[in-house]
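One structure is given here, and the rest of the page talks about it.
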Amino acid sequence: MAMSNLLRGTMLLTGATFLSKFLGIIYVIPFEALIGHTGSALYAYAYNPYMILISISTMGIPLAMSKFVSKYNAMGDYQTGRRMFKSASLLMFITGIVAFLFLFFSAPILAPIILPSNDYANSVEDVIFVIRMVSFALIIIPSMSIVRGFFQGYGSMGPTAVSQVMEQVIRIIFLLASVFILVKVVDSNTTTAVGMATFAAFVGALGSWFVLGYFWKMRKPFLDQQVNNQRLDSNLTTKDMYKELLSYAGPFVLVGIATPIYQTIDQLTFNRAMAHIGLNEISETLFSVIALLGHKLVIIPVTVATGLSLALLPVITKSFTEKQKDVYIHQINQALQIIVLVTIPAVVGLSLLSKEAYGSFYGISHELEITAPLLSWYAPVALFYGLFTVTASILQGVNKQNFALISLGIGVLIKTICNVPFIYLFEAKGAVFATGLAVAVASGLNLWKIKQTTDIAYKPLFKRTLLILIFTAFMTLLVLLLKWILTAFVFDETTRLSVIITVFVCAGVGGYVYLWLCYKSTLLERVLGARAKLLSRIFI
């Protein structure tokens, strides 16, 4: 029963996370239409350091809090979890204030590093302004996240799920409404509009606080009753509690911000390197593809695939804890196969239809000739992003989470060393190549550590990957044929409607044929299990 509740809660949280990420992808379409590529680049300049400061200021404590509370609740010691919660809430509030002050006052130092001169569409002053506007969210989010971790420690995923979605909804509504009013109604400048867009993070967090406050008020009598009726008191000192909490927190600190770290390296080096090779005029437009606009498209298959894979994490942890080797090896292989099954055809399709996909989302403009090719190179990196996320989570499930920090550190080192030389050699594509190499190496190291820990055989993964590549090759030929027919015989000119129809037809038909081949070969059933039966109706 407890395991059933755990799985149900995990699925609820996975669904909420997927919905939040989906909303975070979709809002970029109207947002870009209002502020353009240079405005999007300005937005990314603020958001990447903010995301890193969020993770550093929370230090992985919310997830560690969940683990800590869950452990002592299982022992019947509810008071220790409550004491830790009160103390950690104060700590998170203090670190939030410190992070806010650091980002707010370091903006004049960061901005000239991001933009080496004012010879760009955005100025150094613009970057300072938007960084300072987003910094206010740091006051709220760390202490808010500790409440989520506390509820999750009780196995209650609802407060986190609901507050997560509400935070995103409120943020996006405020963001789009304020930007629309500033740009279209009062004819304000783009910098002010982007500043309000970044400030939306604070407004969304405020909304989430109210949701969590409601849950706390409703559940506090029950929580107090458990404390009053507890069977055991561990009598831990505050020092002992923090020592244990921080031992849990360490591995969570950096893994969740792998992507922002890679993007921050781009942020600090991309414009400068592009200027050195004489491409500063298009630098910010291309940076917006890597940091925001193209990245949102690339992350779509990653979100779907990791959502399906990570749903297996609780059962992998349970099987490993119970030493059911055959079971957890099968589950690990299944999680990895889901990533490959979903991501490979998706990234190949996105590469083939990069111009059409980018035009569908962000409209037809002269910039499409330089942005779409960059997207086609960036799309394959999605496979490695997905692999790293899932393998890092599997390492957590088999109690080797510390290694994920090592693999990430090596990946970041590779990105740091290669980024500027690769940009000199390959222009904007060099930053994509450096990211791909870094994440691929980090993922490969994680796979090696999983094999060393569990003695897993990757032969089933390799065999099914080969089959997936064969089916993807059939899909590729079909997509190229359909694209040629539509562009040569159906549409006389490239318009937003024509590219939307092209994406819909090519992706729809190509995706259907790929899934049909997977279904008829029983690959879907072997990888997805019972979930494959949900697709059986469309193939009869």
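Source: prediction; values computed, not measured.
- Under the 4.5 Å side-chain criterion, counting only non-hydrogen atoms from C-beta, V398 is in contact with I332.
- Side-chain contact between L387 and L336 is present, with at least one heavy-atom pair separated by less than 4.5 Å.
- A donor-acceptor pair under 3.5 Å is formed between the side chain of S376 and the backbone N or O of P373.
- If you look at F270 and H276, their ring centroids are not closer than 6.0 Å.
- H37 and Y362 have perpendicular rings, their planes meeting at more than 60° on a 0 to 90° scale where under 30° would count as parallel.
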Worked verdict on F174 versus M196 for side-chain contact (heavy atoms from CB on, under 4.5 Å):
CA-CA 9 Å; F174 180 86; M196 290 305 291; 3.5 Å; yes

Trace of the side-chain contact (heavy atoms from CB on, under 4.5 Å) decision for L42 with T198
CA-CA 10 Å; L42 183 59; T198 56; over 6 Å; no

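- Closest of all the heavy-atom pairs between A193 and V183 is CB-CG2, 3.8 Å.
- In this structure the side chain of S354 never reaches within 4.5 angstrom of the side chain of Y358, judged on heavy atoms.
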Using side chain to side chain donor-acceptor pair (under 3.5 Å), reason through T38 and N122 one step at a time and then give a plain yes or no.
CA-CA 7 Å; T38 54; N122 295 304; 5.0 Å; no

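- Y45 and E284 form a side-chain donor-acceptor contact under 3.5 Å, judged by distance and modelled atom types alone.
- Annotation: F388 is not in aromatic contact with F384 [ring centroid separation under 6.0 Å not met].
- Checked against the 6.0 Å centroid criterion, the rings of W377 and F433 qualify as a close aromatic pair.
- Atom CG of residue L523 and atom CG of residue L517 lie 10.0 Å apart, to the nearest 0.5 angstrom.
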Chi angles and distances behind the side-chain contact (heavy atoms from CB on, under 4.5 Å) call for I500, V503
CA-CA 5 Å; I500 289 173; V503 168; 5.9 Å; no

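- The closest side-chain heavy-atom distance from L293 to T371 is not below 4.5 Å.
- Residues K415 and D266 form a side-chain contact, since some pair of their non-hydrogen atoms from C-beta on lies under 4.5 Å apart.
- E493 contributes atom CD, which lies 14.0 Å from atom OG1 of T487 (distance to the nearest 0.5 angstrom).
- Residue F104 qualifies as enclosed at atom CZ: its count of foreign heavy atoms under 6.0 Å is above 12.
- H295 and Y378 are linked by a side-chain donor-acceptor pair at a separation below 3.5 angstrom, with hydrogens and angles left out of the test.
- Residue-environment remark: NZ (K451) exceeds the threshold of 12 foreign heavy atoms within 6.0 Å.
- In this structure, CD1 on I141 lies 13.0 Å from CZ on F100, to the nearest 0.5 angstrom.
- In Y458, the OH atom is crowded: over 12 heavy atoms of neighbouring residues, nucleotides or ligands sit closer than 6.0 Å.
- With a 4.5 Å cut-off on side-chain heavy atoms, W448 and S407 do not count as touching.
- No side-chain donor-acceptor contact under 3.5 Å links N280 and S283.
- Across F199, F31, Y50, a single residue satisfies ring pair (Phe, Tyr, Trp, His ring centres under 6.0 Å) together with Y43, and that is F31.
- Expressed to the nearest 0.5 Å, how far OH of Y385 lies from OG of S443 amounts to 10.5 Å.
- Between L341 and L524, the closest side-chain pair of non-hydrogen atoms falls below 4.5 Å.
- Here the CG-OG1 distance, from L497 to T494, works out to 12.0 Å after rounding to the nearest 0.5 Å.
- The environment of CD in E281 is sparse: at most 12 heavy-atom neighbours from other residues, nucleotides or ligands sit within 6.0 Å.
- A ring-centre distance under 6.0 Å is not found for Y514 and F474.
- Put simply, CG on L445 and CG on L395 are 10.5 Å apart, with the number rounded to the nearest 0.5 Å.
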Residues K483, L352; criterion side-chain contact (heavy atoms from CB on, under 4.5 Å); working and verdict
CA-CA 9 Å; K483 181 180 174 181; L352 296 172; 5.7 Å; no

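- The shortest side-chain heavy-atom distance between T190 and D126 does not fall under the 4.5 Å cut-off.
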